[in-house]
Amino acid sequence: MQPLLRLHLPFRPRLAPPPACVAPDPGPDAVVLPTDGSPLALRVRRPVRLRVHGGRAWITRDGWPDDHWLEPGQTLDLPVSPSWFGWRILASGEGASLVTLKAEALA
């Protein structure tokens with residue numbers, strides 16, 4: 001089972017054209033964030049450490065008051081979720097740089 005599951009929002013207006021290039025496939029445990037800064041809704045179903053590659057990322061957990069700004073190389077630990085469904089997070093990249101979130105097993 002993939003640790004990061006992309007959730008499809010019921011409505012997403014297209015305010016800007018799609019990016020001119022698409023990043024190479026980051027692998028099953030990573031997600032490339034949109035270069036236009038629009039947020040992605042993700043579900044994290046097991047304890048993971050999110051590591052940021054390539055740019056600055058904004059991450060927030062549904063139902064939590066805190067937001068996290070992570071620089072390249074920084075991590076955010078998401079322990080066992082109190083819900084059976086896992087954590088629901090929103091993540092977006094800052095600026096036009098390609099930002100990749102990689103999920104690593106939390107030991």
Side-chain angles (χ1 to χ4, degrees):
M1 176 186 331
Q2 293 180 343
L4 294 175
L5 175 66
R6 183 173 178 174
L7 302 176
H8 297 282
L9 301 176
F11 174 73
R12 182 185 302 168
R14 186 170 293 257
L15 301 176
C21 66
V22 177
D25 182 25
D29 293 342
V31 172
V32 175
L33 301 177
T35 57
D36 64 359
S38 60
L40 282 183
L42 303 166
R43 174 118 19 230
V44 180
R45 295 182 181 239
R46 64 179 189 227
V48 296
R49 173 174 290 134
L50 295 178
R51 183 175 304 275
V52 176
H53 299 277
R56 192 169 185 227
W58 168 78
I59 301 170
T60 189
R61 288 181 279 184
D62 192 31
W64 288 68
D66 52 346
D67 291 353
H68 304 276
W69 282 99
L70 301 177
E71 302 290 333
Q74 289 184 324
T75 62
L76 175 65
D77 290 350
L78 296 173
V80 176
S81 169
S83 166
W84 180 83
F85 295 106
W87 297 107
R88 182 176 183 267
I89 64 171
L90 292 175
S92 69
E94 181 181 53
S97 61
L98 289 175
V99 180
T100 303
L101 283 182
K102 176 116 175 109
E104 303 169 350
L106 195 58

Look up atom CG in Leu33 and atom CG in Leu101, then write down how far apart they are to the nearest 0.5 Å.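 Here the interatomic distance stands at 4.5 Å.
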
CZ/Arg61 to CG/Leu76 distance, rounded to the nearest 0.5 angstrom?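 Rounded to the nearest 0.5 Å, the CZ-CG separation comes to 6.0 Å.
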
Can you list every salt bridge (Lys or Arg N to Asp or Glu O under 4.0 Å) pair that touches residues 68-77, not counting sequence neighbours?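 Passing the test, one end in residues 68-77: Arg49-Asp77, Arg56-Glu71.
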
Taking all non-hydrogen atoms of both residues into account, name the closest pair between [X] and [Y] and its distance.
{"X": "Arg88", "Y": "Ala41", "result": "NH2-CB, 3.8 Å"}
{"X": "Pro72", "Y": "Gly54", "result": "CB-N, 4.2 Å"}
{"X": "Ser92", "Y": "Gly37", "result": "CB-O, 3.4 Å"}
{"X": "Val44", "Y": "Arg46", "result": "CG1-O, 3.3 Å"}
{"X": "Gly93", "Y": "Val99", "result": "CA-CG2, 4.0 Å"}

Quick one: side chain to side chain donor-acceptor pair (under 3.5 Å) partners of [X], sequence neighbours excluded?
{"X": "Thr60", "answer": "Asp67"}
{"X": "Glu104", "answer": "Arg51"}
{"X": "Trp87", "answer": "none"}

Verify same cluster id: Trp64, Leu40 (apolar side-chain graph, 4.5 Å):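 Yes, Trp64 connects to Leu40 through the hydrophobic network.
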
Among Val31, Thr75, Ile59, side-chain contact (heavy atoms from CB on, under 4.5 Å) partner for Leu50: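 With Leu50 as partner, side-chain contact (heavy atoms from CB on, under 4.5 Å) holds for just one option, Ile59.
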
